[in-house]
S.K.: 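Pasting a structure below so you can have a look.
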Amino acid sequence: MTKEVFVQGNEACALGAIAAGCRFFAGYPITPSTEIAEIMSKKLPTVGGRFVQMEDEIAAVGAIIGASWGGQKVVTATSGPGFSLMQENIGYAAITETPIVIINMQRGSPSTGQPTRSAQADMMQTRWGSHGDYETISLAPSSVQECFDYTVEAFNLAEKYRCPVFVMADEIVGHMREKITIPDKIDITPRQMPEKCENYLPYDAPENSTTPMPSFASGFNIHVTGLTHDERGYPSTDDPDVHSKLVTRLCNKILKNRSDIAQIDTKYIDDAEIIVLGYGIPSRSALTAVKKARDSGLKVGYIKLGVVWPFAEELLLEYTKNAKRIIVPELNLGQVYLEVDRVLGKNAKVELVSKIGGALITPDEILDKIMEE
Amino acid sequence: MIENEHPHKFIKYLRTERLPHLFCPGCGNGIIFNTLFNAIEMSDVDFENISMVSGIGCSSRIPGYVKCDSLHTTHGRAIAFATGLKMANSKQDVIVVTGDGDATSIGGNHLIHAARRNIDLTVICVNNDIYGMTGGQISPTSPKGSYATTAPYGSTDKPFNIAEVAKAAGASYVAKYTVAQPIQVSNAIKEGLANKGFSLIEVIAQCPTYYGRKNKLKTPKAMIDWFKENTISLKQAEDMTDEELEGKIITGVYINKPRAEFIESLDAISAQNSDITPEDNINKAYMGD
C-alpha cells in the first residue's frame with residue numbers, strides 16, 4: 001500500500017536509500033546533511049544494515065567502496081567541505097567501476113562558506129572534482145518527493161552503469177518539509193553476479209558498457225586496483241592502448257548512454273520562444289514564473305533537468321529547437337549555464353539568472369528576465 | 001611465468017601469471033609473503049575466505065600477487081576501505097597490508113580510529129623506514145639522523161614506534177618483529193588472525209635499494225645484520241633510558257588483550273531492534289526485492 005509521510009528532504013533521501021536496498025552507510029557529520037547520517041544510524045540496525053561514523057569524509061568514501069565490493073548497496077551524505085575531501089576516492093570508484101551513491105546537500109561556498117545556507121555551487125565539482133578524465137551521473141532534486149525518488153534512481157543508475165552517482169540537492173530541499181508518497185512497489189535494479197568460468201576476466205567489458213560485478217568472498221579471487229588495469233584487472237600502467245581503451249570506455253559508458261540516463265520534465269515547450277531551463281530548487285520558482293508569463297500571453301516554456309550530468313545534449317537540442325532565448329536560473333555564478341550555452345547557444349541566446357548568498361531565486365526575478373526583451 | 005621442477009610450497013597461493021614481481025632484489029617483502037603464507041597454514045583461517053586490502057607503496061603491492069580477492073586502494077586509505085569491506089560481510093577474514101608511510105603518515109588517522117573501534121582486521125604493517133616506491137624519501141618511522149632524498153642532511157624528527165601508536169589507540173593485539181625473526185612474525189600473524197578484533201603486526205623490513213644505499217647499509221645482509229644488532233625485547237627495554245633506547249628496535253607482543261569487537265557490538269544492538277540479521281543481508285545488492 002502506498003504511504004504518505006510528511007518529512008524533510010534529508011529524511012526522504014534516507015528513506016529512499018533504504019527502499020532502494022541500501023544496507024550500509026559510512027559518513028561524517030556536516031551541516032546541512034547531518035540528518036541523513038542520524039536517520040541512517042537509527043534505521044539501518046532495524047533492517048539488518050550497518051552504520052559507521054568514520055573519522056573523516058575520505059574514510060567515508062573508502063568505506064562505502066569497500067562495502068560495495070563486499071556486496072552491499074552503499075551511500076554516504078555530505079556537503080561542500082566534505083565533498084572536497086571525498087574527491088580522491090570518487091576517482092577510485094570511477095576507475096574501478098564501483099557503484100556508490102553520494103548525497104551532497106549543497107551549501108554556500110567556497111571553503112567553509114555558509115553552512116546553513118543553500119547553493120548549487122558544486123555542480124562543476126561533481127562532474128570532475130577528482131583528477132583525470134572520467135564521467136559520472138548527477139541528479140538534482142527540486143522537492144522532497146524527488147529527494148526520495150531520485151535517491152532510489154541514483155542507486156539504480158549506480159548499479160546499471162557501475163559508477164559513482166551523486167544526488168546534488170541543496171540546503172533548502174534538504175531542510176524543507178513536504179508531504180511525499182512512498183509507493184508500495186519500488187523498481188530496484190539488483191546487481192548481477194557474473195558467471196564463474198575458466199579464465200574469468202572481471203574487466204572484459206563491451207565498448208561503451210560495463211560488466212557484471214562480483215562480490216568479494218564469492219570465489220572469484222579478483223584483483224581491484226586504482227591503477228590502469230587490463231581485462232584481468234591487473235595493473236598495466238605503461239601500455240598506452242590499455243589506458244586509452246579503459247578511460248575511453250569509462251567515459252563512453254556514460255556519455256554514449258546520456259539520452260537513456262536523462263530525466264527531463266517539460267511544460268509548454270511546443271510553441272515556446274523562450275524556455276526557462278533549470279535544475280534543482282530554482283526550478284520551483286521557474287515553473288511559477290513560466291505560468292505567470294503564459295497567463296500574460298507570452299510563449300514561454302519550462303524544462304527541468306532531473307539528471308544534470310551527463311548533459312542530455314541531443315534531447316535538449318530537440319526540445320529547444322524553436323526557442324530564441326533560454327534562461328538558466330541557478331544558485332551559483334553560472335556553472336551549468338556554461339554547458340547550456342555550449343550545447344544550445346548556437347541556436348538560441350542563453351541567459352543566466354544567478355543568485356548566491358543563500359536565498360532562493362524568486363519567480364519574479366525569473367519573470368523580470370523573461371520580460372527583458 | 002617461471003617454470004620450476006621443484007615449485008615452492010607456497011606457489012599455490014600466488015597469481016603465478018603475474019610473476020616475476022616488481023620488488024627489487026634483496027627486498028624484505030619476500031619474507032613477508034613467506035611468513036604470511038606460513039601463518040595462514042598454521043592458523044584455522046581458510047585461505048578461500050581471505051580478502052586482502054592494501055594502500056599505496058611497495059608492500060601494498062603484495063596482495064596483488066596473492067590468489068584471493070584483493071583491493072589495491074588509494075594512498076593511506078586501505079584500513080578505511082577494509083572497514084567497509086568487513087562490515088559488508090563480516091564472515092570474511094580481512095587482511096590489510098600497508099607500509100610505514102601508508103599507515104602512519106597519510107593514513108595515520110584511519111589507523112588510530114580502526115584500532116579504537118577494535119574492528120576485526122589483521123593489519124600487517126611492513127616498516128622499511130623509507131618511501132621506496134617514490135625513490136627514497138623520509139618516512140615517519142625513519143630513525144633520527146638517517147638520510148633520505150628529502151632528508152639530505154639527516155632526519156631531525158623523532159620517529160613513530162608504530163606498535164606503540166596502535167596499542168595506545170586501542171588495538172587488542174599488537175606485535176612487532178623484524179624480518180630476521182620470521183618464526184616470530186608468522187606466529188604473530190597467526191595470533192592476529194585468531195584475535196577477534198583489531199590486530200597489528202609491525203614487521204621491520206629492509207630496503208637495501210633506498211634506505212640501505214642512503215645509509216651505508218647497501219646489501220640486504222648489511223641491513224639484516226643492522227636489525228639484529230639493534231633488536232631488543234620489550235623486557236630488555238623496560239630497564240633502559242630514553243638515550244639507550246634511541247635507534248633500538250623493540251620487539252615482542254605489545255598487547256594481547258581481547259575486548260568487545262566493533263561489528264559484534266553493532267550486531268548486538270541490531271538484535272535488540274530487529275529480527276533481520278546482517279547475515280541475512282550478505283550480498284544484499286544482488287537481491288531483487
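In what follows, every chain begins at residue 1, and chains take the letters A, B, ... in the order their sequences are listed.
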S.K.: Are any non-hydrogen side-chain atoms of A:Met54 and B:Arg117 less than 4.5 angstrom apart?
M.R.: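 Yes, side chains in contact.
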S.K.: Would you sort out whether A:Met193 and B:Asn283 count as a side chain to side chain contact (heavy atoms under 4.5 Å, CB included), showing the intermediate values?
M.R.: CA-CA 10 Å; A:Met193 190 75 83; B:Asn283 281 348; 3.7 Å; yes
S.K.: I need the minimum non-hydrogen distance between B:His75 and A:Glu88, along with the two atoms involved.
M.R.: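 Where B:His75 meets A:Glu88 most closely, the heavy atoms are O-OE2, 4.4 Å.
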S.K.: So which heavy atom on B:Ser270 is nearest to which on A:Gly49, and how close?
M.R.: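 It is OG-O, 4.2 Å.
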S.K.: Which heavy atom in B:Ile282 sits nearest to a heavy atom in A:Gln72, and how many Å separate them?
M.R.: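 Of all heavy-atom pairs spanning B:Ile282 and A:Gln72, the closest is CA-NE2, 4.1 Å.
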S.K.: Measure the spacing between CE of B:Met287 and CZ of A:Arg23 and express it to the nearest 0.5 Å.
M.R.: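 CZ of A:Arg23 is found 9.5 Å from CE of B:Met287.
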S.K.: Looking only at heavy atoms, what is the nearest atom pair of A:Phe216 and B:Gln92, with distance?
M.R.: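 For A:Phe216 and B:Gln92, the tightest heavy-atom pair comes out as CB-OE1, 3.6 Å.
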S.K.: Please name the pair of heavy atoms, one in B:Asn281 and one in A:Gly48, separated by the smallest distance, quoted to 0.1 Å.
M.R.: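 Smallest interatomic distance, heavy atoms only, reads ND2-O, 2.9 Å.
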S.K.: Just wondering, are more than 12 heavy atoms of other shown residues or ligands nearer than 6.0 Å to NZ in B:Lys67?
M.R.: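 Enclosed.
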S.K.: I want to check something: taking the side chain as every heavy atom from C-beta on, are A:Val47 and B:Lys284 in contact at a cut-off of under 4.5 Å?
M.R.: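 No, too far: nothing below the 4.5 Å cut-off.
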S.K.: Distance check, rounded to the nearest 0.5 Å: B:Thr74 atom OG1 versus A:Ile90 atom CD1?
M.R.: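 These two atoms lie 11.5 Å from each other.
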S.K.: Say you draw a straight line from CH2 of A:Trp69 to OG of B:Ser70; how long is it, rounded to the nearest 0.5 Å?
M.R.: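 Output value for this atom pair is 10.5 Å.
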S.K.: Where on B:Leu71 is there a heavy atom nearer than 4.5 Å to chain A: the side chain, the backbone, both, or neither?
M.R.: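 Looking at B:Leu71, backbone and side chain both touch chain A.
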S.K.: Would you mind reporting whether A:Asp56 and B:His113 have side-chain heavy atoms less than 4.5 Å apart?
M.R.: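 Result no, sub-4.5 Å side-chain heavy-atom pair not found.
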S.K.: How far apart are the closest heavy atoms of B:Lys86 and A:Arg50, and which atoms are they?
M.R.: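 Residues B:Lys86 and A:Arg50, closest heavy atoms: O-NH1, 4.4 Å.
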S.K.: Dump the intermediate steps for salt bridge (charged side-chain N to carboxylate O under 4.0 Å, His left out) on B:Glu17 and A:Arg232, then the final yes or no.
M.R.: CA-CA 11 Å; B:Glu17 68 274 24; A:Arg232 299 173 299 174; 5.6 Å; no
S.K.: Under 4.5 Å, counting heavy-atom pairs only, tell me which of A:Asp187, A:Leu227, A:Ile222 racks up the most with chain B.
M.R.: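 Heavy-atom pair counts peak at A:Ile222.
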S.K.: Do you know which of B:Val66, B:Thr277, B:Asp267 has the most heavy-atom pairs with chain A at a distance under 4.5 angstrom?
M.R.: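 It is B:Asp267.
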S.K.: Please look at B:Ser90 and chain A and tell me whether the side chain, the backbone, both or neither of the residue comes under 4.5 angstrom of a heavy atom of that chain.
M.R.: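 Both backbone and side chain.
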S.K.: Most heavy-atom pairs under 4.5 angstrom with chain A, which of B:Asn109, B:Ile79, B:Asn89, B:Leu266?
M.R.: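 Ranked by heavy-atom pairs under 4.5 Å with chain A, first place is B:Asn109.
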S.K.: Is NZ or CZ of B:Arg15 both nearer than 6.0 Å to the six-membered ring centre of A:Tyr234 and within 45° of the ring axis?
M.R.: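 That pair does not qualify as a cation-pi contact.
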S.K.: What orientation do B:Phe81 and A:Tyr92 show, parallel under 30°, tilted 30 to 60°, or perpendicular over 60°?
M.R.: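 Perpendicular.
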S.K.: Are side-chain heavy atoms of B:His72 and A:Val224 found at a separation under 4.5 Å?
M.R.: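 Not touching, per the 4.5 Å side-chain cut-off.
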S.K.: Tell me which of these, B:Glu279, B:Met52, B:Glu48, B:Arg18, has more heavy-atom pairs under 4.5 Å with chain A than the rest.
M.R.: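 The candidate making the most pairs under 4.5 Å is B:Arg18.
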S.K.: Roughly how far apart are B:Arg77 CZ and A:Ile58 CD1, rounded to 0.5 Å?
M.R.: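 The distance works out to 4.0 Å.
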S.K.: For atom CG of B:Asp46, decide whether the heavy atoms of other residues, nucleotides or ligands shown that lie under 6.0 angstrom number more than 12.
M.R.: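 Yes - once you tally the heavy atoms of other residues, nucleotides and ligands closer than 6.0 Å, there are more than 12.
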S.K.: Measure distances from A:Phe155 to the heavy atoms of chain B and classify the residue's part below 4.5 Å as side chain, backbone, both or neither.
M.R.: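 No part of A:Phe155 comes within 4.5 Å of chain B.
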S.K.: Please round to the nearest 0.5 Å and tell me the distance separating atom SG of B:Cys68 and atom NE2 of A:His223.
M.R.: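 The SG atom of B:Cys68 sits 10.0 Å away from the NE2 atom of A:His223.
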S.K.: If we ignore angles and hydrogens, is there a donor and acceptor under 3.5 Å between the side chains of A:Thr46 and B:Asn273?
M.R.: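 There is no such pair between these side chains.
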S.K.: Given the options A:Cys22, A:Ala60, A:Ala59, A:Gly226, which has more heavy-atom pairs under 4.5 Å with chain B than any of the others?
M.R.: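 Top count of heavy-atom pairs under 4.5 Å with chain B: A:Ala59.
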S.K.: Flag the one option from A:Pro190, A:Gly62, A:Ser68 with the top tally of heavy-atom pairs under 4.5 Å to chain B.
M.R.: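 Between A:Pro190, A:Gly62, A:Ser68, the count favours A:Gly62.
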S.K.: Against chain A, label B:Asp275 side chain, backbone, both or neither, depending on which of its atoms sit under 4.5 Å from a heavy atom there.
M.R.: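 Contact with chain A is absent: no heavy atom of B:Asp275 under 4.5 Å.
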S.K.: Is the count of non-hydrogen atoms from other residues, nucleotides or ligands lying under 6.0 Å from A:Lys245 atom NZ greater than 12?
M.R.: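 Open: at most 12 neighbouring heavy atoms sit under 6.0 Å from NZ of A:Lys245.
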S.K.: Is it the side chain or the backbone of A:Ser218 that comes within 4.5 Å of chain B heavy atoms, both, or neither?
M.R.: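 A:Ser218 touches chain B through backbone and side-chain heavy atoms alike.
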S.K.: Is there a donor-acceptor pair under 3.5 Å between the side chain of B:Asp69 and the backbone N or O of A:Asn221?
M.R.: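 Looks like yes, one N/O pair under 3.5 Å.
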S.K.: Is it the case that more than 12 heavy atoms not belonging to A:Phe83 sit under 6.0 Å from its CZ atom?
M.R.: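 Yes, CZ of A:Phe83 has more than 12 neighbouring heavy atoms, counting only those of other groups under 6.0 Å.
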S.K.: Out of A:Gly233, A:Ala217, A:Gly219, return the one with the most heavy atom pairs under 4.5 angstrom to chain B.
M.R.: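 Ranked by contacts with chain B, first place is A:Ala217.
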S.K.: Quick one: of B:Thr73, B:Asp280, B:Ile269, who has the most non-hydrogen atom pairs under 4.5 Å with chain A?
M.R.: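 Greatest number of close heavy-atom pairs with chain A: B:Thr73.
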